[in-house]
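By convention here, the first residue in the shown sequence is residue 1.
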Amino acid sequence: MESAAQATLTVASTSVSMFGLDRSELSSSTMRLIHFGSARHLAPPRRRQTSQQRQLTPIVAVVSPRLPNLVVKDPKNNVPWFMSATAETVTKVLKSMAMSRFSADLAGRLMNDASKVLVYLATSFCDYLEERVLQLLGNEDSCDGDTCYFLLDHYAPVPEMAPTTNLPVFGSIPACLDGEFLRIGPNPRFQPLNGYHWHAHFSRPARAGFPSIFTIDGDGMIHGLRVKDGKASYVARYVQTSRLQQEEMYGGPKFIRVGDLQGMRGLSVGIIEALRKTFGVLDGSKGDGTGNTAMVFHNNKLLALHERDLPYIIKVQDDGDLQTVGHEDYDHKLRHPFTAHPKINPVTGEMHFFAYEVVTPHLIYRMVSKDGVVGGASTNHTARSFRDARLRHHRELRRILRPSVAHKCREARLGLLPRYAKNESQIRWFEIPPCYISHTLNAWEEGDEVVLICCRNESFDIKPLTKSKRENGMTLGSRLFEFRMNLKDGKVTQRELSNLCTEFPRINEEYTGRRTRYGYCSVFDDEEMIIGVAKYDLTMEPSPDASRELKVGGNIVGVFHYGQERTGHEAIFVPRNPGSNGLEDDGYLIAYVHDNTTGKSDVVIIDAITMKAEPVAVVKLPRRVPLGFHAYFVSQEQLLQQA
């Protein structure tokens with residue numbers, strides 16, 4: 001038994017140079033060797049032979065638990081070996097392994113690894129095919145590390161960082177901010193092979209049965225500021241999604257990205273991903289989302305969200321470190337994607353969410369009770385996808401509103417859906433001029449009207465931005481708008497509330513679904529960088545001034561400038577006394593801000609009532625936090641309640 005195993009290892013070792021493999025890759029602790037006999041020994045031997053008597057021409061496949069980016073090649077043709085082998089030969093080889101005179105233990109190990117060998121060969125085939133296709137089709141609009149706007153400067157990815165304590169604090173951190181301030185966003189673990197897009201909405205052609213698909217590239221990374229008793233620490237961890245774990249196993253990108261979805265290249269990489277899933281190289285059954293868009297705390301669980309996947313449970317440790325626990329599927333009752341923008345009813349504790357897929361039913365609306373029980377109804381509306389929802393609290397009419405995304409070639413519509421709707425027949429549609437609505441500030445009822453305050457765009461482009469286009473920015477063009485839907489006559493009116501380029505609208509979440517007076521929006525400059533925050537009083541009329549300068553006037557009652565050479569992230573509102581029914585704006589705004597002069601970031605805390613230029617406190621971070629998406633605050637009380 002020992003001699004047979006030793007002979008196999010010897011034969012494999014002497015064949016290393018034949019395939020150009022490093023001997024270190026044959027370490028017994030990390031590798032497994034599969035030995036294929038020559039064609040004349042495919043059949044079981046008729047008489048017992050010692051391993052020394054066998055004259056073998058081996059083909060060796062090295063299989064690592066991490067499956068390195070390695071291709072076993074035929075030295076004569078200099079092509080991947082599997083491309084010159086037939087399926088019949090592989091079948092005979094596997095049978096030969098099972099029926100050989102090797103020890104039963106060794107044969108069993110070889111058979112157990114046979115499927116891994118085939119996956120390895122399929123991996124090499126798909127990698128080789130992808131490389132050749134990209135070379136053949138050209139890559140002039142690709143997004144590599146030297147040209148991609150979303151992989152440079154403020155967007156450049158950073159590695160994980162363990163908790164760093166005793167950060168410098170200037171000013172005094174309010175007691176209500178004891179907890180963890182989180183900011184999630186895309187941070188690609190591996191260099192994209194083809195295209196890469198930071199934030200995009202990909203719309204299929206206007207064709208019944210195919211809804212728009214919203215998705216974002218870049219593996220999710222959470223940046224956390226742990227605050228306790230006025231002291232602060234910083235941590236950064238990846239959301240350990242199924243997608244990320246699989247790509248880390250292979251040591252490179254394997255899943256398709258939105259930046260890939262262009263022309264023939266997009267079609268080709270889509271086919272290659274389908275092949276990878278068919279051959280077992282990739283497992284899509286556990287989701288392929290990046291977990292990089294938003295976070296929410298519900299039913300004593302902190303969830304990382306992405307439009308294409310189930311939520312991931314994140315556990316905040318005592319020292320502020322972040323641990324990915326796994327998917328939240330609500331006792332196997334959630335078998336479809338979960339929106340990155342759920343809304344929690346502050347009165348009932350219910351969480352309402354949407355999901356949309358290419359397969360039927362294309363659109364699903366459901367509700368999770370405050371105790372984590374999934375219920376709700378499913379709709380099957382095939383021609384529209386939906387974005388953000390806001391709850392309305394009123395006597396009989398308790399509805400959920402979610403604006404649809406329009407194509408330039410057809411109308412846009414706002415959909416009004418009863419909160420406890422059972423089917424799509426209860427949706428009421430209101431047509432509006434074509435536009436793209438990204439995020440909502442709030443919505444509520446006033447008499448016979450439903451009022452929606454949101455950020456409206458004329459259009460949105462998924463094409464990756466290269467370095468040469470940097471001066472043009474992202475052409476975001478988002479403006480704060482008000483829509484009023486009349487429930488009696490079915491008419492809808494709209495008006496612009498500000499000519500500033502604004503996004504990431506936030507309110508005091510305790511007022512979700514109720515009439516809101518104050519809203520806070522991030523304000524962008526001409527290069528689409530956040531330069532500050534504007535406080536809006538929605539009871540006042542907009543300023544007639546056409547200037548895009550961030551200043552007080554009209555319905556803008558307060559502003560905060562981040563300063564020269566400083567770029568901000570989303571600012572969120574934290575109430576001073578949660579649940580006290582105090583003043584709506586009695587609290588603080590908190591945001592990550594990057595300082596271009598130092599190359600590092602700060603956390604800035606702002607008085608939400610006065611919006612004074614002097615911040616309440618500033619926490620100096622040990623490094624830069626890349627630009628990302630949504631921020632979230634988890635209070636100390638919530639941290640203690642974690643399941």
Residues in side-chain contact (heavy atoms from CB on, under 4.5 Å) with V593, at least two apart? Y562, R566, V604
Would a 4.5 Å heavy-atom cut-off, applied to side chains only, mark I222 and R183 as touching? no
side-chain contact (heavy atoms from CB on, under 4.5 Å) partners of F190, counting only residues at least two apart: E247, E248, P253
Rounded distance [0.5 Å steps], NE2 in H594 versus CE in M529: 9.5 Å
Set of residues satisfying ring pair (Phe, Tyr, Trp, His ring centres under 6.0 Å) with respect to H630, sequence neighbours excluded: H341, H439, F504
Please list, chain by chain and in numerical order, all residues satisfying side-chain hydrogen bond (donor to acceptor under 3.5 Å, both in side chains) with K620, sequence neighbours excluded. D602
Q317 side chain reached by Q323 side chain, heavy atoms, under 4.5 Å: yes
Please examine the side chains of I364 and F354, heavy atoms only from C-beta on, and report whether any two atoms are closer than 4.5 Å. no
What about the rings of F633 and F181, do their centers lie closer together than 6.0 Å? no
Quick one: which residue pairs count as a salt bridge (charged side-chain N to carboxylate O under 4.0 Å, His left out) with a foot in residues 280-294, not counting sequence neighbours? K277-D288, D288-R308
Which pair of non-hydrogen atoms, one from H306 and one from G291, has the smallest distance, and what is that distance? CB-N, 3.5 Å
Pairs flagged by salt bridge (charged side-chain N to carboxylate O under 4.0 Å, His left out) wherever residues 236-245 is involved - sequence neighbours left out: E160-R237, R237-D321
Rounded at 0.5 Å granularity, tell me how far CZ in R189 sits from CD in Q245. 12.5 Å
So L182 and I314, do their side chains get closer than 4.5 Å, heavy atoms only? no
Should R276 and E130 count as an ion pair when the cut-off is N to O under 4.0 Å? yes
Does a side-chain heavy-atom distance below 4.5 Å link D219 with P186? no
Compute both the distance and the angle, then confirm whether K254 meets the cation-pi test with Y250: under 6.0 Å from the six-membered ring centre, within 45 degrees of the axis. yes
Only residue of V158, V239, N292 satisfying side chain to side chain contact (heavy atoms under 4.5 Å, CB included) with M221 is V158
Just verifying a value: how many Å separate E527 CD and T567 OG1, rounded to the nearest 0.5 Å? 9.5 Å
